[in-house]
Amino acid sequence: VIAGFLAGMYAVIMVIVMLLGIDLTQYTPGPDGKSPDSGSAGLVKEAMFDLANEPRLFVLVLLSVAVGAPLAEELVFRGQLFAALSQTRLGFAGTTFVTSLGWAMLHASEPWLSIGLIFVMGLVLGYLLVRFGSLWVTIICHGVWNGVYSLIIFWGLAA
């Protein structure tokens with residue numbers, strides 16, 4: 001499930017980038033952690049790039065990004081909110097849409113591309129919650145996604 005989630009999300013990213021002709025360098029901070037002149041990389045991504053130059057600090061941030069954030073966000077959006085809203089007229093599909101939208105808006109400091117991808121990821125995580133009936137599936141998928149992305153940032157700058 002986790003490997004399929006990662007592969008599927010990266011496939012979605014590649015398709016969107018290719019179809020829209022997006023230059024990803026507009027969303028990638030430089031070695032100093034600052035956004036490129038052509039666009040914004042987002043606050044979290046900039047901080048991660050900046051901390052990648054300090055391995056001990058990066059490990060602490062990695063734990064919060066790969067464990068803390070997924071636990072908190074999944075408990076709120078696909079835990080409490082999903083449980084409450086799915087009992088309304090929204091049903092599972094409407095609740096998945098609404099919680100995904102809210103979760104994407106939580107990341108409003110990110111560039112529009114990231115917000116859109118976070119929304120799509122929310123839809124997928126909502127589906128996984130309904131399909132498997134376990135919040136742990138979404139927590140683990142979210143945590144692995146954040147962890148892999150963080151390590152890519154670290155290894156890219158540490159190399």
Side-chain angles (χ1 to χ4, degrees), residues 1-29 33-36 38-51 61-153:
V1 172
I2 296 166
F5 172 76
L6 291 174
M9 286 308 303
Y10 278 110
V12 166
I13 291 170
M14 287 188 288
V15 167
I16 290 171
V17 166
M18 288 177 13
L19 286 176
L20 298 178
I22 296 170
D23 178 10
L24 289 178
T25 61
Q26 295 179 29
Y27 303 100
T28 305
K34 302 293 184 233
S35 281
S38 58
S40 171
L43 298 176
V44 174
K45 198 181 300 179
E46 287 177 6
M48 293 292 289
F49 269 79
D50 196 34
L51 288 171
V61 173
L62 175 63
L63 289 173
S64 68
V65 168
V67 178
L71 268 171
E73 292 175 4
E74 294 303 318
L75 286 172
V76 170
F77 287 95
R78 272 159 290 282
Q80 292 296 319
L81 288 174
F82 197 95
L85 292 175
S86 65
Q87 301 302 312
T88 69
R89 282 197 261 171
L90 287 173
F92 290 120
T95 298
T96 299
F97 181 86
V98 169
T99 56
S100 298
L101 185 62
W103 184 51
M105 292 299 98
L106 176 71
H107 297 82
S109 68
E110 299 297 309
W112 68 269
L113 175 63
S114 296
I115 294 170
L117 292 172
I118 289 167
F119 174 73
V120 170
M121 186 181 298
L123 295 175
V124 173
L125 290 171
Y127 167 78
L128 291 175
L129 175 63
V130 172
R131 167 69 175 84
F132 292 101
S134 172
L135 196 57
W136 286 109
V137 172
T138 66
I139 292 169
I140 292 168
C141 285
H142 187 164
V144 170
W145 174 269
N146 285 4
V148 167
Y149 188 77
S150 297
L151 291 174
I152 289 170
I153 289 172

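A quick note: this is a predicted structure, and the numbers were derived from the prediction, not measured. Quick note: numbers below take in every heavy atom, side chains included, and nothing from hydrogens, waters or symmetry partners.
Here the closest heavy-atom approach between residue Val65 and residue Asn146 is recorded as O-ND2, 2.9 Å. Contact between Arg78 and Leu135 at its shortest, heavy atoms only, is O-CD1, 3.4 Å. Summarising the geometry of Thr95 relative to Leu81, their closest heavy-atom pair is CG2-O, 4.5 Å, with the distance given to 0.1 Å. Nearest heavy-atom pair, Cys141 versus Val1, reported as atom, atom and distance to 0.1 Å: SG-CG1, 4.3 Å. Considering every non-hydrogen atom in both Pro70 and Ser64, the closest pair reads CD-O, 4.4 Å. In this structure, Leu62 and Ser150 approach most closely via the heavy-atom pair CD1-CB, 3.4 Å.
Expressed to the nearest 0.5 Å, how far CG of Leu128 lies from OG1 of Thr96 amounts to 10.5 Å. With values rounded to the nearest 0.5 angstrom, Glu74 atom CD is found 9.0 Å from Thr99 atom OG1.
No donor-acceptor pair closer than 3.5 Å links the side chain of Thr138 to the backbone N or O of Leu129.
Here the side chains of Ile13 and Tyr10 are in contact, with some heavy-atom distance below 4.5 Å. Counting heavy atoms from C-beta outward, Leu113 and Ile16 have side chains that approach closer than 4.5 Å. Within the 4.5 Å cutoff, the side chain of Ile2 has no heavy atoms near those of the Trp145 side chain. Contact check for Met105 versus Ile115: side-chain heavy atoms found under the 4.5 Å cut-off. You'll find the side chain of Met121 reaches within 4.5 Å of the side chain of Phe5, heavy atoms only.
Between Phe119 and Phe97, the ring planes lie perpendicular to each other; the angle is over 60°, past the 30° to 60° tilted range. Ring orientation note: the planes of His107 and Trp103 are nearly perpendicular, at an angle over 60° on the 30°/60° scale.
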